[in-house]
Amino acid sequence: MASAASVFLLNVTGQIESAEFPEFDDLYCKYCFVYGHDWAPTSGVEEGISQIASRNRSIKKSVVWNFPIEITFKSTNPFGWPQIVVSVYGPDVFGNDVVRGYGAVHLPFTPGSWLTGRRPEFTDPKVVAQGDGREVTRVRSQGFLTLSFNVATKDLKKLGYTSSSSDLPNSEITFNP
């Protein structure tokens with residue numbers, strides 16, 4: 001006899017593919033996940049930092065990372081659905097690493113979300129995924145980031161949630177306050 005599921009799983013694999021920041025080169029990115037209290041990672045990596053990449057000589061706009069991402073979450077309800085927060089960094093005219101853009105989007109999502117940036121740098125990049133205090137933050141769009149993900153869920157239906165992909169949170173977001 002099969003036992004009833006007490007949690008559902010969300011498995012995400014993919015990569016941060018590339019970015020277009022027309023005014024900048026020699027960029028790298030950091031990512032982390034932000035999620036609600038009922039969510040817990042069960043495997044994979046919650047945060048990471050990529051290599052530094054330069055613009056492609058033939059496609060002058062793109063910086064390519066192909067930085068892999070893999071994580072599995074468990075939860076009892078969809079409240080606090082995970083978001084990925086990505087920060088892009090590069091050198092300023094003095095060679096110091098400075099932030100070039102921040103962005104956050106719920107999983108799963110449509111590839112190709114806009115990132116915006118502003119100096120000075122946030123002490124905690126997870127703030128872009130939260131509403132508190134964002135009303136005093138002013139940002140401007142200055143880049144485009146391409147991410148690709150494969151998302152699989154398990155036992156959503158057993159817990160009474162619709163598991164069709166059209167009912168899961170999907171969005172393409174311009175990252176503004």
Side-chain angles (χ1 to χ4, degrees), residues 9-24 27-51 53 62-75 77-90 97-153 165-177:
L9 300 175
L10 171 68
N11 175 260
V12 179
T13 61
Q15 63 184 348
I16 301 173
E17 293 180 358
S18 62
E20 292 181 24
F21 282 76
E23 298 177 21
F24 305 112
L27 303 173
Y28 65 94
C29 66
K30 294 180 181 181
Y31 78 88
C32 62
F33 291 97
V34 176
Y35 44 87
H37 296 292
D38 291 332
W39 290 81
T42 60
S43 68
V45 181
E46 281 190 74
E47 56 186 41
I49 184 169
S50 75
Q51 76 279 10
S62 296
V63 174
V64 178
W65 293 297
N66 291 327
F67 186 59
I69 293 173
E70 182 175 356
I71 192 163
T72 301
F73 293 98
K74 70 177 180 178
S75 183
N77 70 67
F79 181 78
W81 193 271
Q83 299 177 66
I84 186 169
V85 176
V86 181
S87 307
V88 177
Y89 297 86
D97 285 348
V98 295
V99 68
R100 297 300 186 189
Y102 292 105
V105 69
H106 285 92
L107 301 174
F109 63 94
T110 304
S113 296
W114 284 95
L115 293 177
T116 58
R118 168 176 157 66
R119 288 187 192 178
E121 181 177 344
F122 292 122
T123 40
D124 181 5
K126 293 179 182 180
V127 73
V128 300
Q130 301 163 353
D132 294 341
R134 291 285 316 273
E135 67 276 0
V136 297
T137 304
R138 301 293 175 254
V139 297
R140 65 183 170 94
S141 178
Q142 67 180 32
F144 186 77
L145 184 70
T146 302
L147 299 102
S148 63
F149 283 87
N150 299 304
V151 176
T153 59
S165 62
S166 63
D167 292 330
L168 293 175
N170 291 308
S171 59
E172 184 168 306
I173 295 178
T174 301
F175 298 103
N176 291 318

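FYI, the numbering just counts along the sequence from 1. The structure displayed is predicted, hence computed values, not measured ones.
Ring planes of F24 and F21: tilted class, angle from 30 to 60°. Taking the six-membered ring where the residue is Trp, Y89 and Y28 present parallel rings, their angle staying beneath 30° rather than reaching 60°.
With values rounded to the nearest 0.5 angstrom, L145 atom CG is found 13.0 Å from Y31 atom OH. The NE2 atom of H37 lies 11.5 Å from the CG atom of N77; values are rounded to the nearest 0.5 Å. Atom CZ of F79 and atom CG of D38 lie 8.5 Å apart (nearest 0.5 Å). Distance check, rounded to the nearest 0.5 Å: CD of E47 to OG of S87 gives 11.0 Å. Note that the CZ atom of F73 and the OG1 atom of T42 stand 9.0 Å from one another [nearest 0.5 Å]. Interatomic distance, S62 OG to L27 CG, rounded to the nearest 0.5 Å: 11.0 Å.
The shortest side-chain heavy-atom distance between Y35 and L10 does not fall under the 4.5 Å cut-off. Two residues are said to be in side-chain contact when any heavy atoms from C-beta on lie closer than 4.5 Å; W39 and V34 fail this criterion. Considering only heavy atoms from C-beta on, C29 comes within 4.5 Å of W65 through its side chain. Side chains of L147 and V86 form a contact here, defined as non-hydrogen atoms less than 4.5 Å apart.
Between T13 and E70, the shortest heavy-atom distance links the atoms CG2-CG, 3.6 Å. Heavy atoms only, all atoms of each residue included: E17 and S148 are closest at OE2-OG, 2.8 Å. In plain terms, the two heavy atoms of G90 and R100 that are nearest each other are N-CG, 3.8 Å.
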**OP:** Run the numbers on V88 and V63 for side-chain contact (heavy atoms from CB on, under 4.5 Å), then give the verdict.
**Re:** CA-CA 11 Å; V88 177; V63 174; over 6 Å; no

